[in-house]
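Below: the structure, in structure tokens.
Heavy-atom basis, side chains included; hydrogens, waters and symmetry copies ignored. Residue numbering restarts at 1 for every chain, and letters A, B, ... go by the order of the sequence lines. Bear in mind that the values here come from a model prediction, so they are computed numbers and not experimental data.
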Amino acid sequence: MSTAARTPPVREGTGWYVYGAVPAGEASVEAFAGVRGVDPSAGVSLIVEGPVAAVASPVPLAEFGAGAIDERLRSPEWLEDKVRAHEAVLEAALRGSAVVPFRFGAIYHGESHIRQMLRDHELLAPTLERLRGAVELGVKGFLDSARFRASREGEGPQASAPGGRAYLLRKQRERALTEDGRAFQVACARESHEALTAVAREARLLPLRQPELSAYEGEMFLNAAYLVDTTGDAQFRERFAALESEHWRDGVDYELTGPWPPYNFVEDDE
Amino acid sequence: MNDRLSKLQQDITLIELVDRVLNKGVVLAGDITLSVADVDLIYVSLRALLASAGTIDRLQLDTG
């Protein structure tokens, strides 16, 4: 062991890639039948230690070992493939029980090292308990400024006066509409987040991304994740649909994604 | 047109996925793990790549 530790970059043999943790008593390996791991030739195993099991699969160190993986990471295609595999395994886990998702790239030398890791992190079990029976849903809100302006037509000073005065009024109106739009974004973000939080177990506001790749043209004003009871899912979607129909005329488009494993509801120190 | 729309939809889902798998989730010490800094770095560059590719897709969508 001591001589092996001094050997530089590991390029042969097998390591274990860990996707997340599940409650040992509830999870079953059958949930992963037909699911391929980040190495497509290997299936998924559960490595049990006390109340918790790691969801893991063997990976060749020639591809995932120190040094080797850094080269692979430069290929966006390789990375996309592995990120999708990571998600597919966690989604399979989520269908069977609660799951604590790990961030991409947790690779261990062997099963005993994984067991040690599970023993060292006592918070995994209570976190799984906290996440039991819930999934994460993602919500984004966008404001389409053209539609917002159209909805505000007829309000405020009208540009019916002649000549230079009409020009000044138009300018004034432009500025007022831009300010209205910003104020509306703030108010609508708060209202939407409160309405959705009321039907969720937990909620997290996430950073706004500008500009964002989206099916909508508008500016993002809300980015949030909600931990929702699987039994309360319909209620959440109803509330979401109500917001959509209430604010469509204001120029708002909402985007709902998921169910996701609860990536946004596990803290780093767990 | 439909192909392009579904491609855009796929790219959006991929961004959501990358935001979670590479940027969230528990980080515990692994033996041969990438360092958190490495994962952060690949997250930032992949996200920039995806967002710009999506912008091009949408421009094509608007004019095509």
Response to the item:
Ranked by heavy-atom pairs below 4.5 Å to chain A, first place among B/L41, B/D38, B/N23 goes to B/N23
Worksheet entry | Residue B/L46 versus chain A: region with a heavy atom under 4.5 Å | side chain
Discussion item. Quick one, A/L79 with B/L22, criterion side chain to side chain contact (heavy atoms under 4.5 Å, CB included). Give me CA distance, side-chain angles, the key distance, then yes/no.
Written reply: CA-CA 10 Å; A/L79 191 55; B/L22 294 180; 4.3 Å; yes
Worksheet item: Would the number of heavy atoms belonging to other residues, nucleotides or ligands and lying under 6.0 Å from CD of A/E26 be above 12?
Response: yes
Discussion item. Under 4.5 Å from any heavy atom of chain B, what part of A/R74 do you find: side chain, backbone, both or neither?
Written reply: neither
Worksheet item: Should the pair A/E87-B/R20 be classified as a salt bridge under the 4.0 Å nitrogen-to-oxygen rule?
Response: no
Worksheet item: Can you check whether A/F102 reaches B/L28 side chain to side chain, under 4.5 Å on heavy atoms?
Response: yes
Worksheet item: After noting the C-alpha distance and the side-chain angles of B/V26 and A/R103, does the key distance pass the side chain to side chain contact (heavy atoms under 4.5 Å, CB included) rule?
Response: CA-CA 5 Å; B/V26 168; A/R103 193 174 301 187; over 6 Å; no
Discussion item. For B/V21, which atoms come within 4.5 Å of any heavy atom of chain A: side chain, backbone, both, or neither?
Written reply: both
Discussion item. Please classify the contact of A/L206 with chain B as side chain, backbone, both or neither, using a heavy-atom distance under 4.5 Å.
Written reply: side chain
Worksheet, complete the sentence: Nearest heavy-atom contact between B/G25 and A/V266 is CA-CG2, 3.8 Å
Worksheet item: Pick from A/I114, A/L90, A/L73: which one has the most heavy-atom pairs with chain B under 4.5 Å?
Response: A/L73
Worksheet entry | Derivation and outcome, side chain to side chain contact (heavy atoms under 4.5 Å, CB included), residues B/L17 and A/W260 | CA-CA 9 Å; B/L17 189 56; A/W260 298 98; 3.6 Å; yes
